[in-house]
Each structure stands twice: as C-alpha cells, then as structure tokens.
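One-based numbering along the sequence shown. Everything numeric here is computed off the predicted structure, so don't read it as measured data.
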Amino acid sequence: MKYASGRSLLPIARYWWGRGVVPVPMYWKSKRPAFAWGQWAQRFPDWREVEAEFDTRLHRGIGLLTGAVSGGLVVLDFDKVLDYVRWRRRVDIETYTVQTARGFHVYLRMQEPPGRTMMMRGGEIKGSGYVVAPPSVHVSGVPYQQWGDANEVLSVRNIEAASIETTLPEIVPERHTGGLPDIPQAVVPESKDDVVAKIKQSLPLEDLLRKYTRLIPSGPGGWFKCCCPFHDDHTPSM
C-alpha cells in the first residue's frame with residue numbers, strides 16, 4: 001500500500017480496535033499523530049469516535065496506543081537488527097512482529113505491564129504512548145511491515161517473562177552525537193538509584209537539554225517547555 005488515505009485504513013483500524021487495541025491516525029510519512037489522542041489514553045474509545053478520526057481522503061498512517069488502555073499492550077522497540085537477533089536466540093516467543101526502518105517492533109500483551117516507556121539493551125520497552133504500525137511509511141520512505149507468520153499478540157506475565165534486560169536511561173537519542181560524561185568505575189555506587197542520583201547531580205537536566213533543543217521559560221518556579229528531542233516535534237510538547 002504505497003499511499004493510504006485515512007478511509008482506506010479503516011479496516012485495519014477496526015481490526016485492532018476489535019482486539020482491544022486503540023488505533024490512532026498518523027500524519028503521512030511521520031511519527032506525529034494526526035489528532036490529540038490524550039483522552040483515548042485514559043479510556044477506550046467508541047468505534048464511532050475512531051471512525052470519525054480516520055474518515056478522510058488525506059494520506060494517513062496508523063499508530064497504536066500501548067499500555068493499560070490497549071489491554072496491556074507493550075512493544076519491544078529494537079533499534080538494530082542484531083539486538084533483535086540476539087534477543088530471539090534467548091527466548092522462544094512467537095508473536096506479532098513488525099520490521100521498521102532500522103529494526104523491529106515486537107508486540108506483547110503483559111498481565112503486569114510496566115505502565116511507562118523504559119530503556120532496554122538495544123532499544124526501548126514501550127509501555128505508554130504509541131507506536132507506528134503497518135502499513136504506515138517511515139519518513140525515510142521505508143514501510144512498516146509484518147515480519148514472520150505470527151498474526152496474534154502473545155500474552156506474557158511481565159518484562160522478566162520476556163527475558164528483557166532493562167538498563168539505565170540513555171538520554172541522548174542515536175541521531176545525536178555525544179552523550180553522558182564518563183563516570184569513573186571506582187566511584188559508581190552499587191545501587192542503580194545511587195547511580196541515577198549521581199548523574200542528576202553532575203549533569204543538570206537543563207544543561208543537557210540545551211545542547212539539543214531550545215528551552216522556553218514557562219511560568220514561575222523555574223519551569224521550561226521545549227520541543228521533544230526524542231521524536232519529530234515542531235511545537236513545544238515537553
């Protein structure tokens with residue numbers, strides 16, 4: 001499907017909606033939702049609401065909300081093929097999988113979902129927000145497409161049951177250069193909480209963000225807003 005209008009995506013949206021997953025229209029060749037979907041993250045929408053948002057002749061992609069509202073849908077976002085292959089060698093899991101422009105999205109339903117997006121070795125565990133789904137097209141022109149024969153989303157208990165290794169957050173996206181300053185091994189505490197506290201102390205968040213985006217003062221109390229450096233954001237949303 002080279003070009004897809006919102007209306008042509010209605011059967012796919014209906015398929016996911018019927019399986020308890022919230023579909024959202026996306027702008028064409030973009031990771032940006034085509035409407036404010038925040039209310040749907042709090043409640044599962046009626047089909048007529050979904051149908052109305054997809055009812056357009058304009059080119060559209062499709063995204064799926066993750067988390068509790070979609071029945072505990074969690075997507076393992078592997079940035080690189082090699083990381084996905086290494087994980088597949090460790091686990092015997094057959095579930096709906098999508099090949100992306102760079103890696104793979106592995107769909108799972110978790111009885112104990114993380115409730116937020118977390119970092120894992122090789123990518124992210126998307127337990128909140130959304131993912132772009134087939135037959136959407138990446139900004140590079142590469143289509144999202146199903147990988148393998150599994151059509152159903154496998155249900156597992158939690159992250160540990162999927163043999164996923166979580167890591168400390170990697171603040172700098174791959175498309176940027178640079179990163180966190182090296183912390184000498186001799187002074188790294190054993191506790192992960194202590195490591196996070198040390199990073200916060202040695203590298204204030206405002207100083208880090210100013211390297212990648214413009215901070216705009218937002219009210220009293222030292223608050224700022226900015227364009228999120230982690231996705232294609234053109235208006236301050238963070």
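- With rounding to the nearest 0.5 angstrom, the CZ atom of R109 is 7.0 Å from the OG atom of S70.
- Inter-residue side-chain proximity for P25 and L9 is flagged as unmet; no heavy-atom pair is nearer than 4.5 Å.
- Note on V139: it does not cluster hydrophobically with W28, by side-chain heavy-atom contacts below 4.5 Å among ILVMFWY residues.
- To the nearest 0.5 Å, the span separating OH on Y84 from CZ on R89 amounts to 12.0 Å.
- How far CZ of F35 is from OH of Y27: 11.0 Å, rounded to the nearest 0.5 Å.
- No side-chain heavy atom of R214 sits under 4.5 Å from any side-chain heavy atom of C227.
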For this session: Assess whether side chain to side chain contact (heavy atoms under 4.5 Å, CB included) is satisfied between M118 and I159, documenting all intermediate values.
Result: CA-CA 11 Å; M118 304 172 62; I159 293 174; 3.9 Å; yes

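- Taking each heavy atom of V91 and S163 in turn, the nearest pair found is CG1-CB, 3.2 Å.
- Between Y96 and Y107, the angle of the ring planes goes over 60°, which puts this pair in the perpendicular group of the 30/60° scheme.
- When all heavy atoms are compared, the tightest approach of C228 to S237 is CB-OG, 4.1 Å.
- Partners of R57 according to the side chain to side chain donor-acceptor pair (under 3.5 Å) rule, which considers only residues two or more places apart in sequence or in another chain, do not exist here.
- V132 and V142 sit in two unconnected hydrophobic clusters of ILVMFWY residues. Membership requires side-chain heavy atoms under 4.5 Å apart, directly or through other members.
- The shortest side-chain heavy-atom distance between P135 and I62 falls under the 4.5 Å cut-off.
- Contact record, P114 with V74: CD-CG2, 3.7 Å, taken as the closest heavy-atom pair.
- Hydrophobic clustering (side-chain heavy atoms under 4.5 Å, transitive across Ile, Leu, Val, Met, Phe, Trp, Tyr) keeps F224 apart from I216.
- Residue E112 holds its CD atom at 4.0 Å from CZ of R157, rounded to the nearest 0.5 Å.
- Contact check for V137 versus H59: no side-chain heavy atoms found under the 4.5 Å cut-off.
- Linking ILVMFWY residues whenever their side-chain heavy atoms come closer than 4.5 Å, directly or via other members, places V81 and F78 in the same cluster.
- Geometric assessment of R19 against the ring of Y15 yields a positive cation-pi assignment under the 6.0 Å and 45° thresholds.
- Two residues are said to be in side-chain contact when any heavy atoms from C-beta on lie closer than 4.5 Å; L108 and I93 meet this criterion.
- Residues satisfying the side-chain contact (heavy atoms from CB on, under 4.5 Å) test with D77, not counting sequence neighbours, are D79, H105, E124, K126.
- The shortest heavy-atom contact between L215 and C226 is CD2-CB, 3.8 Å.
- For D92, the salt bridge (Lys or Arg N to Asp or Glu O under 4.0 Å) test picks out no residue, with sequence neighbours left out.
- For R116, the side chain to side chain donor-acceptor pair (under 3.5 Å) criterion is met by no residue, not counting sequence neighbours.
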For this session: Please report the C-alpha distance between Y130 and M26 in whole Å, then the side-chain angles of each, then the deciding distance to 0.1 Å, and finally whether the side chain to side chain contact (heavy atoms under 4.5 Å, CB included) criterion is met.
Result: CA-CA 10 Å; Y130 59 87; M26 310 290 292; 3.5 Å; yes

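- Shortest non-hydrogen contact noted between I125 and M119 is CD1-O, 4.4 Å.
- P45 is linked by a side-chain contact (heavy atoms from CB on, under 4.5 Å) to V22, W40, R43, E49, V50, counting only residues two or more places apart in sequence or in another chain.
- Residues L10 and E51 are in side-chain contact: their nearest non-hydrogen atoms beyond the backbone lie under 4.5 Å apart.
- When hydrophobic clusters are built by joining Ile, Leu, Val, Met, Phe, Trp and Tyr residues whose side-chain heavy atoms come closer than 4.5 Å, directly or via intermediates, I12 is grouped together with W47.
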Ignoring hydrogens and angles, write down the donor-acceptor pairs under 3.5 Å from the side chains of residues 145-153, residues two or more places apart or on other chains.
residue : atom : partner : partner atom : Å
Q146    : NE2  : A150    : O            : 3.0
Q146    : NE2  : N151    : OD1          : 2.9

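- Atom CG of L65 is separated from atom CZ of F44 by 9.5 Å, given to the nearest 0.5 angstrom.
- Side chains of D83 and R121 form no contact here, defined as non-hydrogen atoms less than 4.5 Å apart.
- Residues T95 and T97 approach most closely at O-OG1, 3.0 Å, considering heavy atoms.
- Rounding to the nearest 0.5 angstrom, the gap separating the CZ atom in R90 from the CD1 atom in I164 is 6.5 Å.
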